[in-house]
Amino acid sequence: MSRAKLYLHKKKTRRLEQGQPWVYAGEIERMDGEAAPGDMVDVMAANGRYLASGYWNPASQIRVRVVSRQPEQELDEALLTARLEECRAYRERFVSEPDCRLVYGEADYLPGLVVDRFADVLVVQILTLGMDQRREQLVRALVAVFRPKGIYERSDVGVRRLEGLEERTGVLYGDCPRYVDIVENGIVMEVDLEEGQKTGYFYDQRENRASIAPLMKGWGARSGIRLERRPLAELPEGWEAAAPAGGRPDGETALVPVNKSGKPVAYPLWDGATVLECFAHTGSFTLHACKYGAKKVTCLDVSEHAVETARRNVERNGFADRVEFVVDDAFQYLRRQVKGKDERSARAEGAKGVDTSRKLEEGGRTWDVVILDPPAFAKTKGAVEGACRGYKDINLHGMKLVNEGGYLVTASCSYHMSPELFLQAIQDAAADAGKSLRLVEWRAAGKDHPQLLGVSEGHYLKFAIFEVRSLG
């Protein structure tokens, strides 16, 4: 039986010809032949020219998800295996650690499929009808290519309902413990496969987390600490841990940090930053800050469960003495700190109308580096206006708490929030806060989340590092 053919309207071929992987209902003029939901169909231009092949779902606004640009290819076990082999080769070339995203849907030419590897377990999300119908073939192909000890499904996402599917979770293959340890940038982290967000962990910020390394040192001078060469006989016990590398060339003296009083400093993290991580989830940025030399980190999340996981991650990496944990709403916490800071400044400046007999508000803390990595504020187009206000508010309060010349690290994972809108919200916040921002770094998702050029849906993550200074 020949495959059904979909003919597009005459002026609706441009998107597909430019690499778009979806065919929408409004782009289709007619269908020749019959196709059951999930079947492969050929997509044709109005003049009969072949364009692509993909699986069909009449219940979705995305009628066809493109699988191939070659006619007659079927999304069977052989093609699934071949595509997964390509995914494996790509990650081996560009990702230095085995724990990563192995399959990223359309960008890996496997629409409707996400696969993350956590140690010896694969976690899959099957998001579409066409991929769901090939579940058994998919599992066999995953086992053949990646040789996991277990495969766990986390298809507990609302987008499945748009495909006429129910949410599903559970073991698909082998042994799947609830908790596994992964390694990211040399840091060991616990992942909850059953209850963790999305597939259990957010791999997309891997390179972005590593990019904060230069921000974590170089702060000793703010505390009046300077480097001086001193005779070895005068140095206190343990001075080697605090001394910079290469500071002992002649065997008689050493270059060591000294405080304002001229006393040698033995604390090895004397040059480290103070850091606030908001929306910390399981503490990934906190862990990286500690690894790269932060002196003190405040790790904040509204979820007590997430904070407890972050606490375990911090302890297993030996950073417990440097991290404090806060369970609170990030918006409210930042506002309290700003309010306390403003009140202390007003009292210090002797501003008129300030009641100095009243007890000071709580808060008023500031940090060298403030990190904001919130969940998506705009999950639909209609939510963009509110998201702009949310991003402006959170960044406004965040940058107010950055010490002069410190850094704001901020991100948005809202697809509907374009880079231009995100930067505008931050610029508006800076104007209201009286701050000058210097862009140090602008990044997107990591290499295990490839993007198809021209497919804007894949460009969801925005990540920026700004130096923060006062205008006045």
- F94 vs Y90 aromatic rings, parallel, tilted or perpendicular, using cut-offs 30° and 60°? tilted
- E228 atom CD, over 12 foreign heavy atoms within 6.0 Å: yes
- Message: Looking at every heavy atom in both V121 and P177, which two are closest together, and how far apart are they?
- Response: CG2-CD, 4.0 Å
- Query: With distance as the sole test, does R134 use its side chain to make a donor-acceptor pair with the main-chain N or O of L75 at under 3.5 Å?
  - Reply: yes
- Salt bridge check: are D132 and R135 linked by an N-O gap of less than 4.0 Å? yes
- Message: Nearest 0.5 angstrom please: Q125 CD to E153 CD, how far?
- Response: 9.0 Å
- Query: Would you say R322 and L269 make side-chain contact, with heavy atoms under 4.5 Å?
  - Reply: yes
- Give the minimum heavy-atom separation between L215 and V369, together with the two atoms involved. O-CG2, 3.9 Å
- Pair listing, salt bridge (charged side-chain N to carboxylate O under 4.0 Å, His left out) test, anchored in residues 104-118, at least two apart: R65-E106, R91-D108, R101-D116
- Residue list, side chain to side chain donor-acceptor pair (under 3.5 Å) with E86, at least two apart or on another chain: none
- Item | Spatial distance of atom CD1 (I394) from atom OG (S412) [nearest 0.5 Å] | 12.5 Å
- Message: One thing to verify: whether R312 and E308 come together as a salt bridge, which I'm taking to mean a side-chain N less than 4.0 angstrom from a carboxylate O.
- Response: no
- Message: If you compare all heavy atoms of S303 against all heavy atoms of V327, which two are closest, and at what distance to 0.1 Å?
- Response: C-CG1, 4.4 Å
- Note on the structure: Sorted by chain and residue number, the salt bridge (Lys or Arg N to Asp or Glu O under 4.0 Å) partners of E92 (sequence neighbours excluded) come out as R88
- Task: Start with the C-alpha gap between D99 and Y201, add the side-chain angles, then the distance that decides, and say whether side-chain hydrogen bond (donor to acceptor under 3.5 Å, both in side chains) holds.
- Result: CA-CA 10 Å; D99 299 317; Y201 183 73; over 6 Å; no
- Message: I'd like to know if the side chain of R83 reaches the main chain of V67, judged simply by a donor and an acceptor atom lying under 3.5 Å from each other, with no hydrogens or angles considered.
- Response: yes
- Task: Hey, could you give me the CZ/OG1 distance between R311 and T282, rounded to the nearest 0.5 Å?
- Result: 14.0 Å
- Message: I'd like to know whether F118 forms a ring pair (Phe, Tyr, Trp, His ring centres under 6.0 Å) with Y203, so could you lay out the CA-CA distance, the side-chain angles of the two residues, the decisive distance to 0.1 Å, and finally the verdict.
- Response: CA-CA 10 Å; F118 300 106; Y203 279 133; 5.2 Å; yes
- Pairs flagged by salt bridge (charged side-chain N to carboxylate O under 4.0 Å, His left out) wherever residues 426-438 is involved - sequence neighbours left out: K392-D432, R438-E467
- Looking only at heavy atoms, which two atoms of A430 and M399 are closest? And how far apart? CA-SD, 3.4 Å
- Would the H281 and F202 ring centres measure less than 6.0 Å apart? yes
- Item | Flag for Y55-T128: side-chain donor and acceptor within less than 3.5 Å | yes
- Spell out, as yes or no, whether a donor-acceptor pair under 3.5 Å connects the side chain of N313 to the backbone of E190. yes
- Item | Residue pairs involving residues 293-304 (criterion salt bridge (charged side-chain N to carboxylate O under 4.0 Å, His left out); sequence neighbours excluded) | none
- Message: For N403, give me all partners under side chain to side chain donor-acceptor pair (under 3.5 Å), at least two apart in sequence or on another chain.
- Response: T366, D368
- Query: Hey, which of E184, R206, R209, Q205 is the one that makes side chain to side chain donor-acceptor pair (under 3.5 Å) with S284?
  - Reply: R209
- Task: Using the test ring-ring contact (aromatic ring centres under 6.0 Å, His included), find all partners of Y407 that sit at least two apart in sequence or belong to another chain.
- Result: none
- Message: Please determine whether the number of non-hydrogen atoms from other residues, nucleotides or ligands lying under 6.0 Å from atom CG of L453 exceeds 12.
- Response: no
- Message: Can you list everything that forms a side chain to side chain contact (heavy atoms under 4.5 Å, CB included) with T410? Sequence neighbours excluded, please.
- Response: L372, N395, L408, F422, I426, A464, F466
- Mutual orientation of the aromatic rings belonging to F377 and Y391 [parallel < 30°, tilted 30-60°, perpendicular > 60°]: tilted
- Message: Does any part of the side chain of M131, heavy atoms only, come nearer than 4.5 Å to the side chain of V124, both counted from C-beta?
- Response: no
- Query: So with a 6.0 Å cut-off around OH of Y109, is the heavy-atom count from everything else above 12?
  - Reply: no
- Item | E85, CD atom: more than 12 neighbouring heavy atoms under 6.0 Å | yes
- Query: By side chain to side chain donor-acceptor pair (under 3.5 Å), which residues pair with R161, not counting sequence neighbours?
  - Reply: E167
- Parallel, tilted or perpendicular for H449 and Y460, by the 30°/60° rule? tilted
- Item | Non-neighbouring partners of V188 that pass side chain to side chain contact (heavy atoms under 4.5 Å, CB included), sequence neighbours left out | D181, V183, R316, N317
- Query: Does K462 reach the main-chain N or O of S414 with its side chain, forming a donor-acceptor pair under 3.5 Å?
  - Reply: yes
- Determine, stepwise, if the pair D393 / R335 fulfils salt bridge (charged side-chain N to carboxylate O under 4.0 Å, His left out). CA-CA 10 Å; D393 185 72; R335 288 190 189 106; 2.9 Å; yes
- Is there a donor-acceptor contact under 3.5 Å from the side chain of E315 to the main chain of A320? no
- Message: Run the side chain to side chain donor-acceptor pair (under 3.5 Å) test against W367 and tell me which residues pass, sequence neighbours left out.
- Response: T298
Show me the donor-acceptor pairs, under 3.5 Å and distance only, between side chains in residues 258-266 and residues at least two apart or in other chains.
from: N259; atom 1: OD1; to: S261; atom 2: N; distance (Å): 3.0
from: N259; atom 1: OD1; to: G262; atom 2: N; distance (Å): 3.1
from: N259; atom 1: OD1; to: K263; atom 2: N; distance (Å): 2.9

- Query: Taking the side chain from S60 and the backbone from I62, do they hold a donor-acceptor pair closer than 3.5 Å?
  - Reply: yes
- Item | Audit row: T199, R154, side-chain hydrogen bond (donor to acceptor under 3.5 Å, both in side chains) steps and yes/no | CA-CA 6 Å; T199 61; R154 282 293 304 273; over 6 Å; no
- Query: Heavy-atom distance under 4.5 Å between the side chains of P148 and D120, does that happen here?
  - Reply: no
- Query: Any ion pair linking R160 and E163 (charged N to carboxylate O, less than 4.0 Å)?
  - Reply: no
- Query: Taking all non-hydrogen atoms of both residues, which atom of G446 and which atom of E207 are closest, and how far apart?
  - Reply: CA-OE1, 3.1 Å
- Is T286 reaching over with its side chain to a backbone N or O of C299, donor-acceptor style, under 3.5 angstrom? no
- Message: Could you measure the distance from the CD atom of Q20 to the CZ atom of R15? Nearest 0.5 Å is fine.
- Response: 4.0 Å
- Inspect the contact between R168 and D156 and indicate whether a charged nitrogen and a carboxylate oxygen are less than 4.0 angstrom apart. no
- Measure across C413 and P375 and return the closest heavy-atom pair with its distance rounded to 0.1 Å. SG-C, 3.8 Å
- Item | Pairwise distance CG(L300) to CD(E324) - rounded to 0.5 angstrom | 9.5 Å
